[in-house]
**Student:** 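Below is the structure I would like to discuss, written out as structure tokens.
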Amino acid sequence: CDFRSTWEALRIVQRERAGQGALVDAEASTRRALALARAGEDRYLAAISLGTLALLLQAQDHADAARAEIRAAETEAQGSLAAGARVRNFEAVLERRQGDLGAMRSALEAALLLAEQGDAPHFAAATRSNLVDAYMHLGLLKEAQATGLKALALLQRFGDRVIERTLHHN
């Protein structure tokens, strides 16, 4: 069996366990997925695993460990615009949870730039949707509206109703 399929299965388990509040179990699944990604020498999946691990550690009040995992994710993501964009998005979530909206905005703007450079229009649209929220909380309403309109056009093109609904809610 291809390790990527097992990695995806572990990711599903991680999401389910995290959604149930079983963060230690979710962390264990994520660490197994990370080991698989590294054994398969897939730096993209390793970066995603490390970003996920950072969020789980932060949710368990391990802020320093979370920061260390984000730094490790940045290292894994080097050379991949797509992985770099995802890592910046994980960083934005960490910053949001810490209450640093300015840092969240910076991380999201960096993620957007990387997504656009990496020709990842769907991820760019999702990132724009997240940026709308950041801009609104920072009182940057014109930026929020302009960014939201750009995101909406792409989300409609992709038929992504889930993120589109979130965008309309903002």
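Here the structure is a predicted model, which is why all the values come from computation and not from measurement.
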**Student:** Are any non-hydrogen side-chain atoms of Asp2 and Glu8 less than 4.5 angstrom apart?
**Tutor:**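 The answer is no, as the side chains (C-beta and beyond) never meet within the 4.5 Å cut-off.
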**Student:** Restricting to non-hydrogen atoms, name the atom on Ser49 and the atom on Trp7 that form the minimum distance, rounded to 0.1 Å.
**Tutor:**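 Closest approach of Ser49 to Trp7, heavy atoms only: OG-NE1, 2.8 Å.
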**Student:** Could you walk me through whether Gln60 and Val24 satisfy the side chain to side chain contact (heavy atoms under 4.5 Å, CB included) test, starting with their C-alpha distance in whole Å, then the side-chain angles of each, then the deciding distance to 0.1 Å, before giving a yes or no?
**Tutor:** CA-CA 8 Å; Gln60 297 174 71; Val24 172; 3.6 Å; yes
**Student:** Can you tell if the side chain of Arg96 reaches within under 4.5 Å of the side chain of Asp133, non-hydrogen atoms only?
**Tutor:**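 A side-chain contact under 4.5 Å exists here.
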**Student:** Find out if a path of hydrophobic residues (ILVMFWY) with successive side-chain heavy-atom gaps under 4.5 Å connects Leu112 to Leu154.
**Tutor:** no
**Student:** Would you find more than 12 non-hydrogen atoms of other residues, nucleotides or ligands less than 6.0 Å from Glu41 atom CD?
**Tutor:**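 It does not: Glu41 CD has 12 such atoms or fewer within range.
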**Student:** Looking only at heavy atoms, what is the nearest atom pair of Arg105 and Tyr135, with distance?
**Tutor:** NE-CE2, 3.5 Å
**Student:** For Leu94, does its backbone N or O pair with a side-chain atom of Gln58 as donor and acceptor, under 3.5 Å?
**Tutor:**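 Indeed, once roles are kept as given, a pair shorter than 3.5 Å links the two residues.
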**Student:** Which heavy atom of Tyr44 sits nearest a heavy atom of Arg86, and at what distance?
**Tutor:** OH-NE, 3.0 Å
**Student:** Are Glu27 and His62 close enough that some pair of their side-chain heavy atoms sits under 4.5 Å apart?
**Tutor:**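 Side chain of Glu27 against side chain of His62, heavy atoms only: no contact under 4.5 Å found.
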**Student:** So do Phe3 and Leu45 actually touch side chain to side chain, heavy atoms under 4.5 Å?
**Tutor:**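 Yes - at least one pair of side-chain heavy atoms lies under 4.5 Å apart.
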**Student:** Using modelled atom types and a 3.5 Å cut-off, is there a donor and acceptor pairing between side-chain atoms of Ser129 and backbone atoms of Ala125?
**Tutor:**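 Such a contact is absent between Ser129 side chain and Ala125 backbone.
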**Student:** Between Ala144 and Val132, what is the shortest heavy-atom contact and its length?
**Tutor:**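 What the structure gives for the nearest pair is O-CG2, 3.5 Å.
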**Student:** More than 12 heavy atoms of other residues, nucleotides or ligands under 6.0 Å from CZ of Arg32: yes or no?
**Tutor:** no
**Student:** How long is the gap from CG on Leu10 to CZ on Arg15, to the nearest 0.5 Å?
**Tutor:** 12.5 Å
**Student:** Which pairs of donor and acceptor atoms, one on a side chain in residues 73-84, lie under 3.5 Å apart (sequence neighbours left out)?
**Tutor:**
residue, atom, partner, partner atom, Å
Glu74, OE2, Arg88, NH2, 2.4
Thr75, OG1, Arg71, O, 3.2
Ser80, OG, Ala83, N, 3.1

**Student:** Nearest 0.5 angstrom please: Asp42 CG to Leu34 CG, how far?
**Tutor:**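 Between Asp42 CG and Leu34 CG, I get 11.0 Å after rounding to 0.5 Å.
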**Student:** Checking Arg11 against Gln14 for the side chain to side chain donor-acceptor pair (under 3.5 Å) test, could you report, in this order, the C-alpha distance in whole Å, the side-chain angles of both residues, the deciding distance, and whether it holds?
**Tutor:** CA-CA 5 Å; Arg11 186 171 164 117; Gln14 172 270 315; 5.6 Å; no
**Student:** What heavy-atom pair brings Ala37 and Ala46 nearest, and what distance separates the two atoms?
**Tutor:** CB-N, 3.5 Å
**Student:** Which heavy atom in Arg38 sits nearest to a heavy atom in Leu50, and how many Å separate them?
**Tutor:** NH2-CD1, 3.7 Å
**Student:** Working to the nearest 0.5 Å, report the span between NE2 of His122 and OG1 of Thr127.
**Tutor:** 10.0 Å
**Student:** Just so I know, are the side chains of Leu114 and Gln117 near enough to count as touching, which here means a heavy-atom distance under 4.5 Å?
**Tutor:**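 Yes, at least one pair of side-chain atoms sits under 4.5 Å.
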**Student:** Roughly how far, to the nearest 0.5 Å, is the CG atom of Leu152 from the OG1 atom of Thr147?
**Tutor:** 12.5 Å
**Student:** Taking side chain as C-beta onward, heavy atoms only, is Glu116 less than 4.5 Å from Arg128?
**Tutor:**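 In short, these two side chains touch, coming nearer than 4.5 Å.
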**Student:** With a 4.5 Å heavy-atom cut-off, do Arg157 and Pro121 have their side chains touching?
**Tutor:**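 Heavy-atom side-chain distance check passes, below 4.5 Å.
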**Student:** Is Ile48 reachable from Leu36 through a run of I, L, V, M, F, W or Y residues, each pair having side-chain heavy atoms under 4.5 Å apart?
**Tutor:**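 Cluster IDs for Leu36 and Ile48 match.
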**Student:** Checking side chain to side chain contact (heavy atoms under 4.5 Å, CB included) for the pair Arg31/Leu56: CA distance, chi angles, key distance, verdict?
**Tutor:** CA-CA 11 Å; Arg31 289 187 186 281; Leu56 289 167; over 6 Å; no
**Student:** Find out if a path of hydrophobic residues (ILVMFWY) with successive side-chain heavy-atom gaps under 4.5 Å connects Leu108 to Met136.
**Tutor:**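 Cluster IDs for Leu108 and Met136 differ.
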**Student:** With the 4.5 Å side-chain cut-off for hydrophobic clustering, are Val87 and Leu55 part of the same group?
**Tutor:** no
**Student:** Are Leu131 and Leu101 linked, directly or through other ILVMFWY residues, by side chains that come within less than 4.5 angstrom of each other?
**Tutor:**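 Yes; tracing contacts between hydrophobic side chains, which count when under 4.5 Å, links both residues.
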